[in-house]
Amino acid sequence: MGVVSLVVAIAVGAGVGLVLRGRIGVQDPLRRQEASGKSDPNAVVVTDEEINKLVDSHGKALSSGNVDAFTSIFDKGNTTLIRDQRKVFANLRKVPLSEVSYRVLHREGRAEDSFGRAVKFTQDVAFVHRFAGIDLRPVSEWYRWTLEKASASAPLVVTKVDGAPPPMLSGSSKSMYYPGPWDIWPDITVARAGASVVLAHPQDAALARRIAPVVAGAAKKNLDFWKRNGDPAAPVPAGFVVALVKGQSQLGNLFRKEKAHEAGVSIPMPAWASLGDDVKIGGTRVVMDTTTSFFRTSAGIQEISTHELAHSLLAGLDSAEFSLFGKPNWVIEGFAEYAANRGVPINRNVRYQEGRAYLAGSLAAPFSGRLPDNTFWDFKGMTSVNYLMGHLAMRYIAQRYGDKKLTSAVVATYRGKGDDSEAALFKELGVTKADFERQWASYVRRQLA
């Protein structure tokens, strides 16, 4: 279980440690080759206006439900591509989106040829969209289109569609929120879960309908906790997007492309246009692996759903500023564990015996009384017990300071600037880190004795 965290240092707007340093939503002048205009009647020239018109018409076709217009931009000789894009269209029309459009991003390659030869280049395009009643702001998935123009009089056509790579220094994913389930599933099952939605491959349709009430219950549990203890004016979603997959391979190949290691993940997506907006994360996509042990019981599904939705609940409060190591995992994961296990005795926690072994010195590293550090979070199989240590830190704060102070301290961490986010928590609690660690370590020993 986890959250794909990211840091965004951009004006407008893929998980631990995703850094975006380019400009999103506008052409990059360093990578762009703008057509200069025809110098010869036989010259093949693709202008910005022509590309913008192609991209804009694609979005309007999706909005209006015109599948023929939607597929008209693709190479008519490529029947496989057109068939696949008709499938994408049908899937997107099933998903409850309130806003859709396509926007021009980066371009690579020559868009003109003075000798009348065919031109071929790639154009990155953002699919800007918003799940109705769920996303706080529009978000974007990035495609890389291959565009070709055979002659001066030939139409400009798309001959290939793939995911666009992220900017440099942007984390482990090889794509920017691509592929969505609409891109790779033959069909999409959309199960309503209160104000949330569960998306599933057709073979998992029955499972999606069965767990939808559990997801709705997890969302309600988190939202009720927030209503009692959170800032009522803070931007938090009323619902969530949850997608179901089978196995680690599928888990790492939905809304991202990377090697997965979690049972579930909450993927934050930057707001498409965040300049001057305090909300930097427009929405999240929760993906859960149904082959894990959590899906063997209703209680397990409830636990993993509550954990991941707790991440998604607070994502819109993230300052999304650059941090060398990211937000402290012991806070981010600890709060999600606390949300999922609140009210359950610690000795009934699945990690309880592992925690006792940790205190007994039986794990790869002995208990030092120090809070887990992001640098060594996954050191030699210590990840699971580090989740427990973060969980116990949240329990300790709640018992000593109360849930309202716990919530404000965690929010202070999310809103913290850069590498000072952990310090923001201690400042909110009015305690030094050294004093907190000493008190927390004593609490851990009592709880796991």
Does this structure show an ion pair linking [X] with [Y], if we count only N-O contacts that are shorter than 4.0 Å?
| X | Y | result |
| --- | --- | --- |
| Lys404 | Asp231 | no |
| Lys174 | Glu258 | no |
| Lys246 | Asp204 | yes |
| Lys160 | Asp75 | no |

Any donor and acceptor pair, going by atom type alone, linking the side chain of [X] with main-chain N or O of [Y] inside 3.5 Å?
| X | Y | result |
| --- | --- | --- |
| Thr290 | Val245 | yes |
| Asn222 | Thr306 | yes |
| Glu428 | Lys405 | no |
| Glu99 | Val128 | no |
| Asn229 | Phe225 | yes |
| Glu437 | Leu371 | yes |

Ring centre gap for Tyr396 and Phe436 strictly below 6.0 Å: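 Yes, ring centres under 6.0 Å apart.
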
Ring centres under 6.0 angstrom apart (His58, Phe74): yes

Just by distance, no angles: are the side chains of [X] and [Y] close enough, under 3.5 Å, to form a donor-acceptor pair?
| X | Y | result |
| --- | --- | --- |
| His201 | Gln250 | no |
| Thr292 | Asp289 | no |
| Glu333 | His311 | yes |
| Ser64 | Asn66 | no |
| Arg400 | Gln439 | yes |
| Ser266 | Ser312 | yes |

Mind listing the side-chain donor-acceptor pairs of residues 377-384 below 3.5 Å, one per line with the distance, residues two or more places apart or on another chain?
unit_1 : atom_1 : unit_2 : atom_2 : d
Asp378 : OD1    : Thr383 : OG1    : 2.6
Ser384 : OG     : Arg351 : NH1    : 2.7
Ser384 : OG     : Glu354 : OE1    : 2.7

Pro202: partners by side-chain contact (heavy atoms from CB on, under 4.5 Å), with sequence neighbours left out: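 Pro202 satisfies side-chain contact (heavy atoms from CB on, under 4.5 Å) with Pro186, Asp187 once adjacent residues are dropped.
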
Results of side-chain contact (heavy atoms from CB on, under 4.5 Å) for Val55 - residues two or more places apart only: Ile51, Tyr102, Val104, Val125, Trp145

Identify the two heavy atoms, one from [X] and one from [Y], that lie closest to each other, and give their separation to 0.1 Å.
| X | Y | answer |
| --- | --- | --- |
| Leu136 | Pro235 | CD1-O, 3.6 Å |
| Ala315 | Thr284 | CB-CG2, 3.4 Å |
| Ser63 | Val100 | OG-CG2, 3.1 Å |
| Ala340 | His307 | CB-N, 3.9 Å |
| Leu244 | Ala208 | CD1-CA, 3.9 Å |

With [X], which residues qualify under salt bridge (Lys or Arg N to Asp or Glu O under 4.0 Å), at least two apart?
| X | value |
| --- | --- |
| Asp135 | Arg285 |
| Asp278 | none |
| Lys433 | Glu422 |

Member of Lys221, Lys220, Lys227, Arg228 meeting the side-chain hydrogen bond (donor to acceptor under 3.5 Å, both in side chains) criterion with Asp224: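 Single side-chain hydrogen bond (donor to acceptor under 3.5 Å, both in side chains) partner of Asp224 among Lys221, Lys220, Lys227, Arg228: Lys220.
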
Full working for side chain to side chain donor-acceptor pair (under 3.5 Å) between Tyr387 and Asn349: CA-CA 11 Å; Tyr387 270 73; Asn349 188 277; over 6 Å; no

Derivation of the side chain to side chain donor-acceptor pair (under 3.5 Å) call for Lys257 and Ser172: CA-CA 8 Å; Lys257 276 186 174 293; Ser172 55; over 6 Å; no

Gln302: which of Val214, Ile211, Thr297 passes side chain to side chain contact (heavy atoms under 4.5 Å, CB included):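 In the set Val214, Ile211, Thr297, the residue that makes a side chain to side chain contact (heavy atoms under 4.5 Å, CB included) with Gln302 is Val214.
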
Whether over 12 other heavy atoms sit under 6.0 Å from Lys87 NZ: yes

CZ (Arg296) with more than 12 external heavy atoms under 6.0 Å: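 Result for CZ/Arg296: open.
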
CA sep, side-chain torsions, deciding dist, call: Asp183, Tyr143, side chain to side chain donor-acceptor pair (under 3.5 Å): CA-CA 11 Å; Asp183 298 306; Tyr143 291 104; 2.6 Å; yes

